**Q** 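Just passing along the structure, written as structure tokens.
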Amino acid sequence: MTLIGDTAIIAPMSKYPFREIEQKWQAYWETHQSFAVTEDENIPQEKRVYVLDMFPYPSGSGLHVGHPEGYTATDIYCRYLRMNGYNVLHPMGFDSFGLPAENYAIQTGTHPKITTESNIANFRRQIKSLGFSYDWSREVSTHTSDYYRWTQWIFIQLFNKGLAYESNTPINWCDHCKTGLANEEVKEGRCERCGTAVVRRNIRQWVLKITEYADRLLEDLEALDWPESVKAMQRNWIGRSEGASVLFHIDGMDESLEVFTTRADTLFGATYMVISPEHPLVEALTTDENRDAVVAYLDEVAHKSDLERTDLAKEKTGVFSGSWAINPVNGERIPIWIADYVLISYGTGAIMAVPAHDERDWEFAKKFGLPIIEVLKSEVDVQEEAWTEDGVHVNSGFLDGLGKDDANNAMIAWLEERGLGKKAINYKLRDWIFSRQRYWGEPIPLVHCPTCGTVPVPESDLPLLLPEVTSYEPSGTGESPLAKIDSWVNTVCPVCGGSAKRETNTMPQWAGSCWYYLRYLDPHNSEEFVSSEKERYWMPVDLYVGGAEHAVLHLLYARFWHKVLFDLGKVSTSEPFTRLVNQGMITSYAFQRKDKSLVPTDMVDEIESDRFIERETGETLERVIAKMSKSLKNVINPDEIITEYGADSMRMYEMFMGPLQVSKPWSTAGLVGVYRFLDRTWRLFTERTVSDQEPSAALLKTLHKSIKKVSEDTASLNFNTAIAQMMILVNDLYKEETLPRQVAETLAKLLSPYVPHLAEELWQQLGHTTLLSATAWPEWDEHLTVDDTVTLIFQVNGKVRSKAEVPMGLGKEEALSLAKADEKIQKWIEGKDTVKEIVVPDKLVNIVVK
RNA sequence: GCCGGCGUGGUGAAAUUGGUAGACACGUCAGACUCAAAAUCUGAUGGAUGAAUAAUCCGUAUCGGUUCGAUUCCGAUCGCCGGUACCA
């Protein structure tokens, strides 16, 4: 049969009744609440484990194959831990506020709650169909009032601590989503969600002071067992840089400009200054004769999107303000320019320009004819190009002859003595724009009172329910749909009782996911967001598995909230997630024409093995790896896989594909291989006689090696190699006449974290009445994992020339003489001088000759 | 540009205090079973030369280094993936 693009489903000739088996055990686990967990105080601290999956956003398209990858990994790990006597907390829930449901509501008028809850039901069904051992009694959904009541409560704690403030500075606005965005939600100048170029817009926003935690968010990364890439991304995002702030007096005015620089040592080369168009001193610094030009420039800049402003990096623009500053180090008058290559949001929004040693300043100076002074000994002519490498200081007065670090320290000391500057630390991280002008989110529980100012809704009045609206359409004016409901907006001030108005903005989707891992600990508590006993019992999360796309957003926000809660004494650890693992993306095959364009999979024929053509044109196509996408028709639907091959095959295949952490392409042919293995295993148990005989010595060795390998690899999340070992064991068993009970039972145990339905069924068929998943994990006998003989390698000059089967632990002398006695070796060393003889016991003998 | 990661058969991949490269699986080929096919079972399968299960050579992106010995350590280069960027 032709496998079209490798994604066609071939119904297997089934002997193995996975449908019945899987339905049977899922029903059993459900009725018996087999995986519900309690805070048993008799279990010692080190045997309590919290294993967490990133909960999904319940989209309308259902689960994709990426979800079960991480979920299967944690499920295997949890089942393994339980069988090893651990008390395991393993919950699941839904991140259920968010824009897609709301956009759907705008199109169809269906309440987002209805869509969301039906999507959740579908997700829950799909997740359950994979047989994961979640404690479903702890399920949470962030859109329910029982849950968001506490999201609102945490917001009030932040507000009371002075960590939430209103701001009117320009923010990123997505015209398509009709809402403001956090900096973290802007990717390359575009809205992360819909790809629309963001524009700057002045909108009243609620902002959280995450910058107050910048240092701790940075430092505490050190101790975390997280992927280096995620830590690096967070470090970059926080963007701490050490330097100096320097004051420049403005000539003829009682004002000064403060700049941040990491290279105070180049101050002698500062030949002009630049302030951002949004800088507060723009107005004051603009002289009358320059006013028209400045106004025109500000207007030009205001009409550029952020994308244009950064994309047009090549061509610098700017205008002279008419004012001059005094370079503090040499008293020179230097012009102050206004240019949009200086960002208001970084540092002080003003810079000292050192064109000789900075690309951007150099370009600007060249364009506007500003002087360029070399202050670092350069290997190029700084009039021709900027020298950005290091060099000894020149033209720099008291710094001449010094290197970078010495000069920098000397300059900062010099400035500090005169009160003109000081050491300073600056962050790229900006405060978190927290309000959204949309409907489907948590209402921000604040009231604006003309007399008392902004006051929080009393905690006893929480939850502040999301009201019903007649239209979900965002106004686009920076007001959320809530603003249109007078009866909801108009309220009384909880402090003075006078008439007041509610805050109408809602929270971003990230709010609910900032603390969901805490709610799982105590999901039905109506008095507290989590009881401190339960929090102390489980926290911190021992293993957190999810996609790398949350490296900065969710993981930074959650760490921030957690630290605030820690400072308030509400949680006992300063970090929420001890260990983080990112599962790799599951990609798919795609077919590429010579011009690199891609052809949808359903337009491709495989004419012979690994030769693909485009049906319409007959053009030969190259098979490449691409992300799954609807347009390429290469999306794999988990429901179909489960129907055709079963959940156990799906689980095991996803783990067998390769290491958890790397991305790998889906191959239905590979899935069939795993299915065959399970079918073979099934037939092994059902078609052979289970005997009470002792297994043969050889089989016993394979068995104990398998216990060891599967145990170690499961504990270290190397599931692919653990599965390979189980395949070796089953292959060996096929060579035996009967199935020794001892081996059969152990095999079922080894299989059980991976293919829990099949394993449970095999266990029952072996005559057991207790649950396999509650049985103790097998132990191995180290002696039985070691072979009696080893293959000793004989090398001449490092090349393998012969080998021999020898007893384990053979002495060096014997090994050497065996090698020398070997016919092939003799041929290679004959007539040559032996220079050196190396013997590695049980490994090799290497004879070096000349 | 900068930061992080990766590069091994026809394919997914194994192998790390430096010691048999390619476990396991897919695919392919051959055999058994079958009227036949599918399914299943057994065996072979990195490349080249070769009748060969003989032998030799080549082979872990490329080039170089350290070493008796390098997929593994070091240096340079190329390519791919992810992140990020007028960040002063």
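Order of the sequence lines sets the chain letters (A, B, ...), proteins ahead of strands, with each chain counted from 1. Since the model is a prediction, treat every value here as computed from it, not as a measurement.
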**Q** With the criterion being N/O to N/O and under 3.5 Å, what pairs connect the protein with nucleotides 41-48 of chain B, and how long is each?
**A**
unit_1: C41(B); atom_1: OP1; unit_2: Arg680(A); atom_2: NH1; d: 2.5

**Q** Which nucleotide in the list C24(B), A55(B), C57(B) gets nearest to the side chain of Lys824(A)?
**A**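 That would be A55(B).
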**Q** Give a yes/no answer on whether the side chain of Ser345(A) brings an N or O atom under 4.0 Å of OP1 or OP2 in C87(B).
**A**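 No, because none of the side-chain N or O atoms of Ser345(A) sits under 4.0 Å from OP1 or OP2 of C87(B).
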**Q** Could you give the distance separating A85(B) and C3(B) at their C1' atoms, to the nearest angstrom?
**A**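 Each nucleotide's C1' atom is 11 Å from the other's.
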**Q** When you compare C78(B) with C68(B), how far apart are their P atoms, in angstrom units rounded to a whole number?
**A**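 32 Å, rounded to whole Å.
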**Q** Look at the side chain of Lys836(A) and decide which nucleotide, out of C86(B), A85(B), C68(B), has an atom nearest to it.
**A**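 For Lys836(A), the side-chain atoms sit closest to C68(B).
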**Q** Could you work out, with side-chain hydrogen bond (donor to acceptor under 3.5 Å, both in side chains) as the rule, every residue matching Asn183(A), not counting sequence neighbours?
**A**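 By the side-chain hydrogen bond (donor to acceptor under 3.5 Å, both in side chains) rule, Asn183(A) matches Asn172(A).
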**Q** Does Trp828(A) have a side-chain nitrogen or oxygen under 4.0 Å from the phosphate oxygens OP1 or OP2 of A55(B)?
**A**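 False: Trp828(A) side-chain N/O out of range (4.0 Å or more) of A55(B) OP1/OP2.
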**Q** Please pick, from C87(B), C24(B), A88(B), the nucleotide with the shortest atom-to-atom distance to any side-chain atom of Thr261(A).
**A**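 The answer is A88(B).
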**Q** Under a 4.0 Å N-O cut-off, is there an ion pair linking Asp358(A) with Arg360(A)?
**A**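 Looking at Arg360(A) together with Asp358(A), the answer is yes, because their closest N to O distance falls below 4.0 Å.
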**Q** Can you tell whether the side chains of Lys820(A) and Glu837(A) come within less than 4.0 Å, N to carboxylate O?
**A**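 Yes, charged N to carboxylate O under 4.0 Å.
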**Q** For a quick check of understanding: with a heavy-atom distance under 4.0 Å over all strands, which category does Pro659(A) fall into, base, sugar-phosphate or nothing?
**A**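 Sugar-phosphate contact only.
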**Q** Side-chain donor-acceptor contacts of residues 420-429 of chain A below 3.5 Å, not counting sequence neighbours, with atom names and distances?
**A**
unit_1: Tyr427(A); atom_1: OH; unit_2: Asp215(A); atom_2: OD1; d: 2.9
unit_1: Tyr427(A); atom_1: OH; unit_2: Asp215(A); atom_2: OD2; d: 2.8
unit_1: Tyr427(A); atom_1: OH; unit_2: Arg240(A); atom_2: NH1; d: 3.4

**Q** Considering only atom P, compute the distance from C74(B) to G4(B) and round it to an integer number of Å.
**A**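 It works out to 14 Å between them.
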**Q** When you check the phosphate oxygens OP1 and OP2 of C57(B), does a side-chain N or O of Arg801(A) lie under 4.0 Å from one of them?
**A**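 Yes, such a contact exists.
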**Q** When you compare C86(B) with A76(B), how far apart are their C1' atoms, in angstrom units rounded to a whole number?
**A**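 It works out to 31 Å between them.
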**Q** By the rule that syn is within 90° of 0, classify the base conformation of G9(B) as syn or anti.
**A**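 Base orientation relative to the sugar is syn.
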**Q** So Lys187(A), base contact, sugar-phosphate only, or nothing? Heavy-atom distance under 4.0 Å.
**A**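 The answer is sugar-phosphate, as Lys187(A) gets under 4.0 Å only of primed atoms, P, OP1 or OP2.
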**Q** Got Asn718(A) and Leu660(A) here, is their nearest side-chain heavy-atom distance under 4.5 Å?
**A**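 Of all side-chain heavy-atom pairs linking Leu660(A) with Asn718(A), none is under 4.5 Å.
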**Q** If I pick the P atom on G27(B) and the same atom on G19(B), what distance separates them, to the nearest angstrom?
**A**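 About 33 Å, rounded to a whole number of Å.
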**Q** Tell me, please, which residues at least two apart from Tyr653(A) pass ring-ring contact (aromatic ring centres under 6.0 Å, His included).
**A**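 Result, ring-ring contact (aromatic ring centres under 6.0 Å, His included) vs Tyr653(A): Trp666(A).
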**Q** Of all the nucleotides listed (C86(B), A13(B), G83(B)), which has the minimum atom distance to the side chain of Met233(A)?
**A**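 Looking only at side-chain atoms, Met233(A) lies closest to G83(B).
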**Q** Which residues pass the ring-ring contact (aromatic ring centres under 6.0 Å, His included) test with Phe368(A), sequence neighbours left out?
**A**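 With sequence neighbours excluded, Phe368(A) shows a ring-ring contact (aromatic ring centres under 6.0 Å, His included) to Trp337(A), Phe364(A), given in chain and number order.
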**Q** Check whether any side-chain nitrogen or oxygen of Asn720(A) sits under 4.0 Å from OP1 or OP2 of A14(B), and answer yes or no.
**A**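 Looking at the OP1 and OP2 atoms of A14(B), one of them is under 4.0 Å from a side-chain N or O of Asn720(A).
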**Q** Would you mind classifying the nucleic acid contact of Asp361(A) as base, sugar-phosphate or nothing, using non-hydrogen atoms under 4.0 angstrom?
**A**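 The answer is nothing, as Asp361(A) stays clear of every strand by at least 4.0 Å.
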**Q** Say we look at U72(B) and U17(B): how far apart would their C1' atoms be, to the nearest angstrom?
**A**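 Their C1' atoms lie roughly 11 Å apart.
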**Q** Pro665(A) side chain: which of A13(B), U84(B), C86(B) is closest?
**A**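 Minimum distance to the Pro665(A) side chain belongs to A13(B).
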**Q** Answer yes or no: is there an ion pair linking Glu222(A) with Arg235(A), defined by an N-O contact shorter than 4.0 Å?
**A**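 Yes, charged N to carboxylate O under 4.0 Å.
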**Q** Only Watson-Crick and G-U wobble pairs with both distances less than 3.5 Å should count. Give RNA chain B in dot-bracket notation, marking inter-strand partners with |.
**A** (((((((..(((......[....)))((((((.......))))))((((.....))))..(((((..]....))))))))))))....
**Q** For nucleotides G9(B) and G47(B), find the distance between their C1' atoms and express it as a whole number of Å.
**A**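 Nearest-Å result for G9(B) against G47(B) at atom C1': 9 Å.
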**Q** Please list all pairs passing the salt bridge (charged side-chain N to carboxylate O under 4.0 Å, His left out) test where one or both residues lie in residues 656-674 of chain A, with sequence neighbours left out.
**A**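 Listed by first then second residue: Glu69(A)-Lys664(A).
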**Q** Could you check which of G12(B), G69(B), A23(B) has an atom nearest any side-chain atom of Phe656(A)?
**A**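 Nearest to the side-chain atoms of Phe656(A), counting from C-beta on, is G12(B).
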**Q** Base, sugar-phosphate alone, or nothing: which one does Asp358(A) contact when heavy atoms must sit under 4.0 Å apart?
**A**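 Touches nothing.
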**Q** Looking at every strand, decide which applies to Lys664(A) at a 4.0 Å heavy-atom threshold: base, sugar-phosphate, or nothing.
**A**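 Since only primed, P, OP1 and OP2 atoms lie under 4.0 Å of Lys664(A), the category is sugar-phosphate.
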**Q** Between A38(B) and C29(B), how far apart are the P atoms? Round to whole Å, please.
**A**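 Those two atoms are separated by 11 Å.
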**Q** Could you work out which one of A14(B), C87(B), C68(B) sits closest to the side chain of Thr721(A)?
**A**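 Looking only at heavy atoms from C-beta outward on Thr721(A), the closest nucleotide is A14(B).
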**Q** Taking only the side-chain heavy atoms of Lys428(A) (C-beta and beyond), determine which of U56(B), G83(B), C87(B) contains the nearest atom.
**A**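 Nearest to the side chain of Lys428(A) among the choices is C87(B).
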**Q** Counting only side-chain heavy atoms from C-beta out, which of C3(B), A13(B), G82(B) sits nearest to Asn236(A)?
**A**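 The closest nucleotide is C3(B).
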**Q** Nearest to the side chain of Met727(A), which nucleotide is it out of U20(B), U84(B), A25(B)?
**A**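 For Met727(A), the side-chain atoms sit closest to A25(B).
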**Q** Using a 4.5 Å cut-off on heavy atoms from C-beta on, say whether the side chain of Met726(A) contacts that of Tyr754(A).
**A**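 Touching, per the 4.5 Å side-chain cut-off.
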**Q** Under the side-chain hydrogen bond (donor to acceptor under 3.5 Å, both in side chains) test, which residues partner Asn582(A), sequence neighbours left out?
**A**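 Asn582(A) satisfies side-chain hydrogen bond (donor to acceptor under 3.5 Å, both in side chains) with no residue once adjacent residues are dropped.
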**Q** Applying side-chain hydrogen bond (donor to acceptor under 3.5 Å, both in side chains), name anything that partners Thr834(A), two or more places apart in sequence or on another chain.
**A**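 For Thr834(A) there are no side-chain hydrogen bond (donor to acceptor under 3.5 Å, both in side chains) partners, ignoring immediate neighbours.
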